[in-house]
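All remarks here apply to the structure that follows.
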Amino acid sequence: MSEKSKLQGMLSAKCPVCKTGDMFPVSVVSYRKLTDVNPVCSHCEANLMPEPDFYYGAMYISYAFSVALFVAVGVALYVIHGDPETWMYLTAVVVSNILLLPLMLRYSKVLYLYAWSGSLYKKKRR
Ligand SMILES: [Zn+2]
C-alpha cells in the first residue's frame, strides 16, 4: 500500500497522522451531525480532538470560505447575466452558501487540524 500525501489526506478528510482513518463520523453529503468530529482516529487512535473547543479556530477558515464563495458567485453572476438585480445576487449567494455549508464546515476543520498537525503530532526522532 502506498503512503498517501498530505494533500490526499486533506482532500479525503482523513486523519493527519495515518491518512487512513476518517476524521468525520458521517459522509460529506450528509447534513446530519455537521459539526461532529471523531474524537480519535479509528485506524491509529491519534487524538483528533486535542483539547475542548479545539475547532473554534476553524470558524475563521469557514468565514474565509464564505467570503470567497460570496465573491465568486457575485462575479460569476455579473459575468453571466451582466449585472442582474440585487435580489438575484442575494438569492444566489444564500442558496450556494446553504448547499455548500457541509463542505465548507468540514474542510475548514480539516485545514485547521492539518495546520496544527505539525506541532500536535510530532514524529519521534532517533
Ligand atoms: Zn490515524
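Because the structure is a prediction, the values reported are computed rather than measured. In listed order, ligands and their atoms are each counted from 1.
- For the atom pair CG (N47) and CG (L120), the distance works out to 8.5 Å, reported to the nearest 0.5 Å.
- Ring-centre distance between F54 and Y112: below the 6.0 Å cut-off.
- Partners of Y63 under the side-chain contact (heavy atoms from CB on, under 4.5 Å) rule, at least two apart in sequence or in another chain, are V67.
- Protein N, O or S atom count below 2.8 Å of the Zn ion (ligand 1): the structure gives 4.
- In this structure, M59 has no side-chain contact (heavy atoms from CB on, under 4.5 Å) partners at least two apart in sequence or on a different chain.
- Considering L105, V37, D36 in turn, V37 is the only one that fulfils the side-chain contact (heavy atoms from CB on, under 4.5 Å) rule with F24.
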Using residues 85-102 as the side-chain source, report each donor-acceptor pair under 3.5 Å to any protein atom, sequence neighbours left out, with the distance given to one decimal.
{"unit_1": "E85", "atom_1": "OE1", "unit_2": "W87", "atom_2": "NE1", "d": "3.4"}
{"unit_1": "Y89", "atom_1": "OH", "unit_2": "D83", "atom_2": "OD1", "d": "3.2"}
{"unit_1": "T91", "atom_1": "OG1", "unit_2": "W87", "atom_2": "O", "d": "2.7"}
{"unit_1": "S96", "atom_1": "OG", "unit_2": "A92", "atom_2": "O", "d": "2.8"}
{"unit_1": "S96", "atom_1": "OG", "unit_2": "V93", "atom_2": "O", "d": "3.1"}
{"unit_1": "N97", "atom_1": "ND2", "unit_2": "V93", "atom_2": "O", "d": "3.3"}

